[in-house]
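Taking it in order: structure first as structure tokens, then the write-up.
Whatever order the structure lists ligands and atoms in, that order sets their numbers, starting from 1. These numbers come from the heavy atoms of this one structure, side chains and all, not from hydrogens, waters or symmetry mates.
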Amino acid sequence: MSDDIEDEQTSKSRDKLIEKKQEWAKGGRLLTGKPGDKQRDRLPPGQRIVKDWPVLDLGVTPKLDLEKWRLRIDGEVENRAIWNWNDFLDQPQLEITSDIHCVTGWSRYDNRWVGVSAAHILSLANPSPQAKHCIFYSRDGYTTNVSLERFAESNVMLAFKWNGDVLSAAHGGPVRVLMPDWYFWKSAKWLRRIEFSEDDKPGYWEIRGYHNEGDPWQEERYSDD
Ligand SMILES: Nc1nc2c(c(=O)[nH]1)N[C@H]1C(S)=C(S)[C@@H](COP(=O)(O)O)O[C@H]1N2
Ligand SMILES: [Mo]
């Protein structure tokens, strides 16, 4: 008799669990978490937390030289620009805190960034209607591509400070891109040019098998073909 009761409870709690899972699946909670969806877990699938900040790049660290530093903004825009370091510092600054998710499996929580927002860049440059993509060019020869829509997200910036200090040369200083909602390879270090383009131009890792989008919540690590 006690066996019967236990069975009933077991099957009840199993029903409960199935119900919950169906709800999640319906809401797309586990599979289709979107940037800004606060319901999802904080650590994306397949990631582990690190406390230090690993350095990953092609092995060349361009020398930090603020005198010679330039940022070019061009392509399909109404207003092209070439900024020097003082021009960059003259822009309004945005501060945000974000988590880093690297495709190699590490995530680092609570990085505090200061920089110039993508929204501000867009308001100055004013991309033409045919501009659909944003290509980042770095001083080490690295490139990476994102859609204009993603560049326009409110937490995207050109960062020059991290956790209260100027961004080190090892981590892309003086200025790197920050695309917090995507795997970190989209965050180009040592930025020298932003091109607004009608055509997509897959970058260094994208042409070497990385996914073109790179959403950590969907585990878009590598492209299938
Ligand atoms: N210019 C440049 N940017 C780059 C890279 C690079 O090799 N060159 N590597 C990317 C990759 S794969 C990662 S994981 C991050 C690493 O940034 P970090 O060294 O600050 O951790 O930078 C991205 N941006
Ligand atoms: Mo990476």
Enumerated ligand 1 atoms positioned under 4.0 Å from heavy atoms of Ser138: 1 (N)
Where ligand 1 meets Asp57 - atom numbers and elements under 4.0 angstrom, heavy-atom basis: 6 (C), 7 (O)
Name the closest protein heavy atom to [atom], giving the residue it belongs to and the distance to 0.1 Å.
atom: atom 8 (N) of ligand 1; answer: Asp140 OD2, 2.7 Å
atom: atom 14 (S) of ligand 1; answer: Cys102 SG, 3.4 Å
atom: atom 24 (N) of ligand 1; answer: Ser187 O, 3.1 Å
atom: atom 11 (C) of ligand 1; answer: Trp185 CA, 3.7 Å
atom: atom 19 (O) of ligand 1; answer: Lys189 NZ, 2.5 Å
atom: atom 16 (C) of ligand 1; answer: Leu56 O, 3.3 Å
atom: atom 21 (O) of ligand 1; answer: Pro54 O, 2.7 Å

Shortest non-hydrogen separation from Thr97 to Arg112 and the atoms involved: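 Looking at all heavy atoms of both residues, the shortest contact is OG1-CG, 3.9 Å.
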Closest non-hydrogen atom pair, Trp217 against Asp41: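 Shortest heavy-atom separation between Trp217 and Asp41 comes out as CH2-O, 2.7 Å.
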Side-chain donor/acceptor of Arg192 to backbone N/O of Asp140, under 3.5 Å: no
Short side-chain to backbone donor-acceptor contact, Glu149 and Lys132, under 3.5 Å: no
From Trp106, Tyr142, Trp53 - option closest to atom 10 (C) of ligand 1 by heavy atom: Tyr142
Presence of salt bridge, Glu195 and Lys201, under 4.0 angstrom: yes
Qualifying residues under side-chain hydrogen bond (donor to acceptor under 3.5 Å, both in side chains), relative to Asp110, sequence neighbours excluded: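 Once residues adjacent in sequence are excluded, the partners of Asp110 under the side-chain hydrogen bond (donor to acceptor under 3.5 Å, both in side chains) criterion are Arg42.
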Residue pair Asp200, Asn212: steps toward the side-chain hydrogen bond (donor to acceptor under 3.5 Å, both in side chains) verdict: CA-CA 10 Å; Asp200 199 3; Asn212 201 50; 2.9 Å; yes
Taking distance alone, with no angle check, do [X] and ligand 1 share an N/O pair under 3.5 Å?
X: Leu58; answer: yes
X: Ala188; answer: no
X: Trp205; answer: no

Glu78 side chain to Ser128 side chain, donor-acceptor N/O pair below 3.5 angstrom: no
Aromatic ring pairing Trp53/Trp113, orientation class (parallel under 30°, perpendicular over 60°, tilted between):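 Perpendicular: the ring planes of Trp53 and Trp113 meet at over 60°.
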Arg176 near ligand 1 by a heavy-atom separation under 4.0 Å: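 The answer is yes, since Arg176 has a heavy atom less than 4.0 Å from ligand 1.
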